[in-house]
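Below is one structure, written out as structure tokens; the observations come after it.
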Amino acid sequence: MLSQQRLDAIRTQLLRDGKVISSDLAVEFGTSEDTIRRDLRDLARSGFCRRVYGGALIETPKPAPISARLQADTMAKHSLAAAAAALVQPGQTLFIDAGSTNTAIAAALSRQIDLTILTNAPTVAIALSDHPRARVVLLGGVLDLNIGAALGGATLHAIRQINADLLFLGSCGVDAAHGISAFDPAEAEVKRAMVDQSAQVIVAATLDKLGTAAPFKVAEATAITHLILPAEADLTQIARFRMQGIEVHLPADPDRTHPTHTL
């Protein structure tokens with residue numbers, strides 16, 4: 001197989017599966033792992049994938065500003081938000097991380113239960129402004145207008161004073177093997193602090209985040225307690241998460257055999 005043919009075949013696999021494993025590709029193409037690693041380096045330099053130990057993941061597109069993300073894929077995010085909000089119990093203390101899906105989750109929370117909610121995202125706090133029984137604490141710090149979140153030392157200090165029952169964690173990429181990741185190092189640090197201070201971690205991820213990796217690691221996939229995915233998520237990827245003991249929830253879909261679970 002010519003080099004260009006091999007690169008085209010690797011691209012096809014990445015688009016289909018979201019990832020490739022160097023040793024498997026070497027066997028498939030009858031070549032050395034060194035050759036495959038060179039191919040993956042070329043693809044990574046072109047921005048098509050991100051190299052990771054043992055292979056590569058499809059590159060996660062950099063997110064648009066929060067103002068644009070709030071307007072995108074609203075129906076899909078509302079479906080995920082409804083499933084996420086159903087996991088919340090009266091009287092709990094919640095961290096709600098920044099992000100457009102998490103803003104939808106804040107809007108979907110029952111207005112009939114008492115909650116304490118801490119967030120570093122102004123859009124999340126605004127979405128809760130009509131919640132009569134929620135005590136909302138907006139965490140301080142330096143506001144990143146693109147991410148839509150307060151970041152930095154003040155934010156980290158405030159997070160470390162809280163013990164939360166649940167964390168709704170935003171993710172730029174989520175993969176069963178390579179975990180949860182973010183594009184910004186300061187954002188990743190805040191997310192890690194929230195994970196450390198939370199008894200359970202809930203991630204609601206749209207399809208563009210699934211099976212992808214951003215540059216900065218937040219946590220292993222096993223940190224996730226509940227993963228909420230669109231009903232059309234790939235069954236193989238779902239199985240990889242479930243094999244790690246992660247409870248996967250899918251919005252109700254009569255064509256699926258995996259029902260949404262509750263706590």
- Task: Kindly write out the residues that satisfy salt bridge (charged side-chain N to carboxylate O under 4.0 Å, His left out) with Glu189, not counting sequence neighbours, or none if the list is empty.
- Result: none
Can you tell me how far [atom2] of [Y] sits from [atom1] of [X], rounded to the nearest 0.5 angstrom?
| X | Y | atom1 | atom2 | result |
| --- | --- | --- | --- | --- |
| Leu229 | Leu80 | CG | CG | 7.5 Å |
| Leu25 | Leu40 | CG | CG | 6.5 Å |
| Ser171 | Lys209 | OG | NZ | 5.5 Å |
| Phe95 | Leu118 | CZ | CG | 5.5 Å |

Tell me the closest heavy-atom pair linking [X] and [Y], and the distance in Å.
| X | Y | answer |
| --- | --- | --- |
| Lys217 | Ala219 | CE-O, 3.4 Å |
| Thr155 | Gly140 | OG1-O, 2.6 Å |
| Leu143 | Gly148 | CD1-C, 4.2 Å |
| Gly211 | Leu57 | O-CD2, 4.1 Å |
| Val195 | Leu167 | N-CD2, 3.6 Å |

Considering only heavy atoms from C-beta outward, does the side chain of [X] approach that of [Y] to under 4.5 Å?
| X | Y | value |
| --- | --- | --- |
| Ile96 | Leu109 | yes |
| Asp97 | Thr119 | no |
| Asp42 | Arg45 | yes |
| Val218 | Glu187 | no |
| Leu169 | Ile202 | no |
| Leu151 | Asp184 | yes |
| Leu250 | Glu232 | no |
| Val174 | Ile224 | yes |

Between [X] and [Y], a side-chain donor and acceptor under 3.5 Å:
| X | Y | answer |
| --- | --- | --- |
| Glu28 | Gln13 | yes |
| Thr35 | Ser32 | yes |
| Thr206 | Lys77 | no |

- Give a yes or no on whether Gln161 atom CD has more than 12 heavy-atom contacts from other residues, nucleotides or ligands under 6.0 Å away. yes
- Among residues two or more places apart or on two chains, list those pairs meeting salt bridge (Lys or Arg N to Asp or Glu O under 4.0 Å) that have a residue in residues 122-136. Arg111-Asp130, Asp114-Arg133
